[in-house]
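Let me begin by presenting the structure, written as structure tokens, before commenting on it.
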Amino acid sequence: MNNNELADVFDKIASLMEIKGEVIYKTLAYRRAAESLRVLPADISSYWKEERLTEIPGVGKAIAEKISELLQTGELDFLNRLEQEVPPSLLELLQVPDIGPKKVALFWKQAGVKTLVELETAARNGKLKTLPGMGEKSEARIIAGIEALSRRSKRMLLGNAWSIANRFLSELRSQPGVVRAEAAGSLRRWKQTIGDLDLVTACTDPAPVMEWFTSHPECHRILGKGESKSSIELNNGINVQLWAQPPERFGTLLQFVSGSKEHNVRLRELAQKKGLSLNEQAIIRDDGSEMLFSDEEGIYETLGLQFVPPELREDRGEVQAAGGNKLPVLVKPGDLQADLHMHTTWSDAAHSTKDMALAARTLGYHTLAITDHTSGLGIAGGLTVEGLAEQRKEIDQVQQELGDTIKILQGAEVEIKADGTLDYPDEVLKKMDIVVASLHTSLRQPRERITERLVNVIRNPHVDIIGHPSGRLMPNREGADLDYDQVLQEAQKAGVALEINAHFSRLDLDEIYVRRASEMGILIAINSDAHTTDQLEQIIYGVSVARRAWLNPDLVINTWDRDRLVDWLKSRGRS
DNA sequence: GCCGTTTTCGGCCCGACTGTTTTCAGTCG
């Protein structure tokens, strides 16, 4: 069982306990443990073998024993007994909006509803409205919620979420009375996938703004409408929330809605210890007087903390670090001076070498690497060894035209074949300016085999960067089942750089492992993998991964100046 | 069930909105 599977088990336990009516703090403990497991950088089995399970935040004696049992037997007696008491089919009811554990328990115990289908039947037959606390409207809301489930898309990818949010924000900013409007929630934290969109606005009179929002042409139905908060479902099934406060309270609003929830809980605990109370409108002193904040900075200052960048607000140690003035320096998009992975018309991309070089120069880079696919990746029209010579001529010519304003490296994204060998022979790789090696195919090989495949490539002295290490494509293609402990150790030994691929359906290396890599001092390359000139700018998504991972900027090879980058390549045998 | 610069036991964050209720429970973020 891996970390995520264990986390799923504990989330399931938490939900079943909630339905059962167990004290809330027990269920919270299981949720917290589950979240901890999901972001754990190393394989859980290594903690288990070393008897370090209780070092994991949120894991105490009881949960450690359950992890042990699951790892040893693949089963959990406690869960089996829980499922005897509370039918696990009830969990699907929790998917319906506006249905929580209390309602599930009510429908189950008083109407005999155990599945989603039974719930819909009961609702349509008017069997729910007579239950205590229920009524006509609640029943209709449940039917609407069940219908919404089928419309509701899964989580959005970061880049898609930003484009929808930006569209709403620009309309919002032109509404009368709107002083400021920003994205908040997981989008502002640049989480790799986004559930609902949260927008916040500072405005003098919220009523007309809320009216505009709830009558938006893309609105399919209104989920809620109030003075300070409204919520709608769009035609494409996405939910959008809009929060409003007067300008002088915008800071607390933005902070509150940006979350994460867990980060906010930490802040409020801290506030409490200082005799303060924090909510979306103000910080309130013991005597009931309010402190107002138009910006976020003052909030953190009042709590005795460094300002915490949104990307770090996940309750992964940032509050403690901010209290000790120990927050890391983070990479900024402007720090990048090179892009070392992109494609041209020599393989499957849209623009020429010169187009890409000019676009990269506009971004202020000193170097770009043209890394077209190799012939083994047939689908991408890869470049043969013979083609390389012609490409070299073209690069030399463009280089001459552009002079010293930007350096063009001839590289390749070499295919790591299913048998673990590379698509070009070593003597060809040796002559290139830079080599990125990537997995695209046979990603479903068993863990040992695919890990070995990658490790051998890491050890190849002619490979400089491992491109998108797992090969995942969100939301549909899972990455390879790599043994990351081994991959990271080998990368550290070999001095190879691991890529953060900035394409928002990749974001690979995953932030969890980037954080570990940073602690281990492993080099990282943040690359766009651009197939058009526009896509060079998608590098911001890669930067967001680095920031969320607390990555030390000095480890990012494309933040280095040209001399340092050249020296590094020389140290790897490049001329 | 977890956790500790006020604690190894007694805490564990805060409010808006909705619908069903006449003061509150449930859900959500």
Side-chain angles (χ1 to χ4, degrees), chain A residues 10 13-14 17-19 21-36 53-67 78 93-94 96-107 128-142 144-145 184-187 189 195-200 206 210 214 222-231 239-245 249 252-253 255-284 303-304 315 319-320 323-324:
Chain A
F10 291 125
I13 289 174
M17 285 174 105
E18 278 175 347
I19 296 170
E22 191 60 84
V23 287
I24 188 72
Y25 297 110
K26 278 197 189 188
T27 68
L28 282 174
Y30 281 103
R31 294 245 184 256
R32 176 150 162 67
E35 179 56 24
S36 253
L53 286 174
T54 53
E55 288 177 22
I56 300 167
V59 175
K61 189 161 169 284
I63 292 182
E65 279 171 7
K66 291 185 175 70
I67 294 174
F78 176 82
L93 272 59
L94 289 172
V96 182
D98 302 318
I99 292 189
K102 297 279 164 49
K103 289 266 169 66
V104 172
L106 177 74
F107 301 152
L128 299 183
K129 62 176 178 241
T130 54
L131 297 173
M134 291 288 294
E136 288 278 356
K137 283 187 178 176
S138 298
E139 193 173 68
R141 218 173 153 91
I142 284 172
S186 50
L187 188 57
R189 303 197 312 278
D196 300 343
L197 292 180
D198 290 292
L199 309 177
V200 293
M210 292 303 177
T214 51
I222 299 169
L223 303 170
K225 185 181 178 184
E227 279 274 293
S228 65
K229 180 187 167 188
S230 294
S231 178
N239 289 353
V240 188
Q241 270 92 240
L242 177 63
W243 311 66
Q245 286 292 333
R249 296 177 190 269
T252 36
L253 177 68
Q255 196 289 318
F256 174 82
V257 184
S258 293
S260 68
K261 193 180 168 182
E262 293 74 16
H263 172 84
N264 288 353
V265 168
R266 292 280 162 265
L267 289 197
R268 291 192 206 113
E269 284 171 2
L270 202 61
Q272 231 182 15
K273 284 179 190 158
K274 293 181 182 291
L276 303 168
S277 165
L278 169 65
N279 64 38
E280 66 261 52
Q281 299 184 27
I283 292 181
I284 300 157
L303 297 177
D315 190 25
V319 174
Q320 201 187 4

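In what follows, every chain begins at residue 1, and chains take the letters A, B, ... in the order their sequences are listed.
- Proximity note for A/K103 (side chain, C-beta onward) versus B/dC17, B/dG26, B/dT18: the nearest is B/dG26.
- Here B/dT8 sits opposite no nucleotide as a Watson-Crick or G-U wobble pair (both hydrogen-bonding atom distances under 3.5 Å).
- A/T252 and A/Q281 share no side-chain donor-acceptor pair at under 3.5 Å.
- Comparing the P positions of B/dT8 and B/dG4 gives a spacing of 13 Å, expressed to the nearest Å.
- Comparing atom distances between the A/Q281 side chain and each of B/dG19, B/dA16, B/dT27 picks out B/dA16 as nearest.
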Review item, nucleotides 3-7 of chain B N/O atoms under 3.5 Å of protein N/O:
unit_1	atom_1	unit_2	atom_2	d
B/dC3	OP1	A/G58	N	2.7

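- With B/dG29, B/dT20, B/dG15 as the candidates, the nucleotide lying closest to the side chain of A/D196 is B/dG29.
- Residue A/A29 places its side chain closer to B/dG1 than to any other of B/dG1, B/dG15, B/dG19.
- Mapping A/Q241 and A/P132 onto DNA chain B by nearest heavy atom places A/P132 at the nucleotide closer to the 5' end.
- Note on A/P101: only backbone sugar-phosphate atoms sit closer than 4.0 angstrom, heavy atoms only; bases stay farther off.
- Base engagement by A/F256 is indicated by at least one non-hydrogen atom pair under 4.0 Å involving a base atom.
- Contact annotation: A/S228 reaches the phosphate of B/dC17 (side-chain N/O to OP1 or OP2, under 4.0 Å).
- Out of B/dG1, B/dG19, B/dC17, the shortest distance to the side chain of A/Y25 is found at B/dG1.
- Using a 4.0 Å heavy-atom distance criterion, A/S231 is classed as making no nucleic acid contact.
- Within the nucleic acid shown, A/K261 comes within 4.0 Å of at least one base atom, counting heavy atoms only.
- The side chain of A/K225 lies closest to B/dT18, out of B/dT18, B/dG26, B/dG15.
- Looking at heavy atoms from C-beta onward, A/F10 lies out of side-chain contact with A/V59 at the 4.5 angstrom threshold.
- Taking only side-chain atoms of A/K66, from C-beta outward, the nucleotide of B/dG1, B/dA16, B/dC12 with the closest atom is B/dG1.
- Atoms CG and NZ, from A/L53 and A/K66 in turn, are 13.0 Å apart once rounded to the nearest 0.5 Å.
- If you check B/dG1, B/dC14, B/dG29 against the side chain of A/Q272, the one that comes closest is B/dC14.
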